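One structure is given below, encoded as structure tokens.
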Amino acid sequence: MVVGGLREFALRRNGDGSPALDESNGEELMHVQPSVAVALGSRSVESPGTLYITSRKLIWLSDVDVAKGYAVDFLSISLHAVSRDPQTYSSPCIYTQIEVVEDDEDDTESTGVLDLSKIREMRLVPSDSTQLDTLFDVFCECAELNPEPVEEEEEEESGHNWVFSADQMVVGGGGEEDAEWQISQSPTSVIGHSNGGDESIAQPMLELRINDQRFDDAEEMVHESETKDH
Amino acid sequence: MLFFSYFKDLVGQEVTVELKNDLAIRGTLHSVDQYLNIKLENTRVVDQDKFPHMLSVRNCFIRGSVVRYVQLPPDGVDVDLLHDAARREARGG
């Protein structure tokens, strides 16, 4: 799955005109809001259209131009908010910021053709502004459904897969499973011991002392000297 | 889950969230979730040059993955306590 910023979207299902979803990957429709206009960046508003909010992305489809539609993954939506200040924007709307991958080689200013992938702000203007809070909440829900993809081990009780050394084979297993740490035959570290014999500190600190240059940095050196002072 | 717990305790306080795109937003911390997604109320943009259009959204939802810093109220954090807790968390304690 390629995650991107804003892009064209005009794939539709036959019949009711709603968008084709990636159901095989579990994408489902969460909310449909008819009569929504969209304003990309600083461009003027485009309407009429319908907003489809799925568990993965939001899709705006023009009601009058079958070929016109936009989509953006929730993974790319950095921020969303309800905007009601008439001085900031003429109509109450949902304001969103889209994460854009900076590409220095592109110079879209000169072509005059809209490059959707460079759009950083998008406003969705429902004709029924009483729906804004509902839309805001749906956006929140969908954002929560789309956390950053991580390696499988992330959600174990320890919650982290910090790498302490290149020799580490066992990931996860928090404090109660210290015995499973692969302690190499490295010189005994003084770091843990100086902490009043607190052995649960000693083991990870031993890992840090393995002679792997990659894991020595200024911060760790400071850390070591701090614990020595205790 | 340390920072999730920590931020939950900060709910109701004023924070400034700085995003990776340099935007800084100040507001009252309304809620936070396990992914450190942040909801702010009474928001205002700290530096209005970059994103003037969002000057006065009142509430906003910020994706955890785009946050660079969360600036805390100076009296809202016990630095030593947090430091020790972070160290314990890092070694799986």
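Throughout, protein chains are lettered first and strands after them, A, B, ... in sequence-line order, and every chain is numbered starting at 1. Worth knowing before you read on, the calculation uses all heavy atoms, side chains too, and leaves out hydrogens, waters and symmetry mates. All of these numbers come straight from a predicted model, not from anything done at the bench.
- Proximity to chain A (any heavy atom under 4.5 Å) is restricted, for K39(B), to the side chain, taken from C-beta onward.
- At a 4.5 Å heavy-atom cutoff, F139(A) makes no contact with chain B through either its backbone or its side chain.
- With a threshold of 4.5 angstrom between heavy atoms, L19(B) approaches chain A through side-chain atoms but not through N, CA, C or O.
- When all heavy atoms of N37(B) and A143(A) are compared, the closest pair comes out as ND2-O, 4.5 Å.
- Considering CG of N21(B) and CD1 of I98(A), their distance stands at 12.0 Å, rounded to 0.5 Å.
- Atoms CD1 and CZ, from I77(A) and F61(B) in turn, are 10.0 Å apart once rounded to the nearest 0.5 Å.
- The side-chain heavy atoms of Q97(A) and V66(B), taken from C-beta on, include no pair separated by under 4.5 Å.
- At most 12 non-hydrogen atoms from other residues, nucleotides or ligands lie less than 6.0 angstrom from OH of Y69(B).
- Taking CZ of R63(B) as the start and CD of E148(A) as the end, the distance is 4.5 Å to the nearest 0.5 Å.
- Interatomic distance, CG of L23(B) versus CG of L79(A), reported as 7.0 Å (0.5 Å rounding).
- Residue E144(A) touches chain B through both its backbone and its side chain, counting heavy-atom pairs closer than 4.5 Å.
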